[in-house]
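Inspection log for the structure reproduced underneath, given as structure tokens.
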Amino acid sequence: MNDLEFSNTDHNREYKQKFLQIMEENLLEVERIDFASTMESLQISSLAFIKIVVFLEEEFDIEFEDEKIIPDAFATVQELFDYVYKKAL
């Protein structure tokens, strides 16, 4: 089990809320986004993903590694969140 996934701290909830807000604002054509969603099911274009990365970097004051700036680098939304959360700590 992933410790971040099951953490119920206020800090973690706040990060999750901000994270989902950024995802939803940039993926308007997707009806529902949750942490179990696969990146493939969201059909995120490379351009849309780069836009999301920029917003996440600004919001959480992090920098993505070059090899992570493609949607295929993450299987699920949870994996993307875990990456952002670990970088932000």
Side-chain angles (χ1 to χ4, degrees):
M1 287 187 187
N2 186 329
D3 292 336
L4 296 177
E5 186 175 351
F6 295 97
S7 175
N8 287 322
T9 65
D10 289 338
H11 188 255
N12 184 268
R13 274 193 293 271
E14 181 182 325
Y15 270 67
K16 283 186 172 187
Q17 186 177 37
K18 287 180 183 178
F19 175 87
L20 280 180
Q21 180 181 356
I22 289 169
M23 294 291 289
E24 290 168 353
E25 288 173 355
N26 288 283
L27 297 171
L28 299 176
E29 67 279 0
V30 178
E31 283 186 35
R32 178 173 157 79
I33 299 172
D34 62 40
F35 289 95
S37 299
T38 64
M39 300 301 278
E40 184 179 335
S41 72
L42 298 177
Q43 299 179 339
I44 301 173
S45 71
S46 295
L47 184 59
F49 189 73
I50 289 171
K51 190 175 172 185
I52 290 168
V53 165
V54 169
F55 281 108
L56 291 171
E57 286 180 333
E58 290 175 0
E59 179 67 38
F60 296 106
D61 195 27
I62 62 170
E63 187 172 328
F64 274 66
E65 296 162 13
D66 290 344
E67 63 272 9
K68 297 291 189 180
I69 305 179
I70 56 170
D72 295 342
F74 304 95
T76 64
V77 173
Q78 182 67 52
E79 282 184 20
L80 176 59
F81 172 76
D82 289 346
Y83 178 81
V84 170
Y85 191 70
K86 287 177 187 177
K87 292 283 242 179
L89 291 180

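All values derive from a computational prediction rather than experimental measurement.
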Query raised in the report: Do the side chains of L80 and M23 get nearer than 4.5 Å, heavy atoms only?
Result: yes
Query raised in the report: Does K87 count as lying over the ring of F60, i.e. NZ or CZ under 6.0 Å from the six-ring centre, within 45 degrees of the axis?
Result: no
Query - Nearest-0.5 Å distance, CZ of residue F55 to CG of residue N26 - result: 5.0 Å
Query raised in the report: Under the side chain to side chain donor-acceptor pair (under 3.5 Å) criterion, do E25 and Q21 qualify, and how do the steps go?
Result: CA-CA 6 Å; E25 288 173 355; Q21 180 181 356; 3.0 Å; yes
Query - Residue E67 excluded, over 12 heavy atoms near CD under 6.0 Å - result: yes
Query raised in the report: Do you know which two heavy atoms are closest between P71 and S45, and how far apart they sit?
Result: CG-O, 4.2 Å
Query raised in the report: Going by heavy atoms in the side chains, are Y15 and K18 under 4.5 Å from each other?
Result: no
Report summary line: All heavy atoms of I44 vs all of M39, minimum pair found to be CD1-CE, 3.7 Å
Query raised in the report: Among the clusters formed by ILVMFWY side chains lying less than 4.5 Å apart, do V30 and I22 turn up in the same one?
Result: yes
Requested in this report: Apply salt bridge (charged side-chain N to carboxylate O under 4.0 Å, His left out) to D66 and K68, showing your working.
Outcome: CA-CA 5 Å; D66 290 344; K68 297 291 189 180; over 6 Å; no
Report task. Using a 4.5 Å cut-off on heavy atoms from C-beta on, say whether the side chain of F49 contacts that of L42. Result -> no
Query raised in the report: Does F64 offer a backbone N or O that forms a donor-acceptor pair with the side chain of E57 under 3.5 Å?
Result: yes
Query raised in the report: Side-chain heavy atoms under 4.5 angstrom apart, residues restricted to Ile, Leu, Val, Met, Phe, Trp, Tyr: same cluster for F81 and L20?
Result: yes
Query raised in the report: Parallel, tilted or perpendicular: which fits the ring planes of F19 and F35, with parallel below 30° and perpendicular above 60°?
Result: parallel
Report task. Would you give the length of the straight line joining atom OG1 of T38 to atom CZ of F74, rounded to the nearest 0.5 angstrom? Result -> 14.5 Å
**Report entry** Close side-chain approach of E79 and D82, heavy atoms under 4.5 Å
**Finding:** no
**Report entry** Min side-chain heavy-atom separation L27-I52 under 4.5 Å
**Finding:** yes
Query raised in the report: In this structure, are over 12 heavy atoms from other groups packed under 6.0 Å from E63 atom CD?
Result: no
Query raised in the report: What distance do I62 atom CD1 and L89 atom CG have between them, rounded to the nearest 0.5 Å?
Result: 10.5 Å
Query raised in the report: Rounded to the nearest 0.5 Å, how far does CZ of R32 lie from CD of E24?
Result: 9.5 Å
Query raised in the report: Hey, mind stepping through V77 and D34 against side chain to side chain contact (heavy atoms under 4.5 Å, CB included) and telling me if it holds?
Result: CA-CA 7 Å; V77 173; D34 62 40; over 6 Å; no
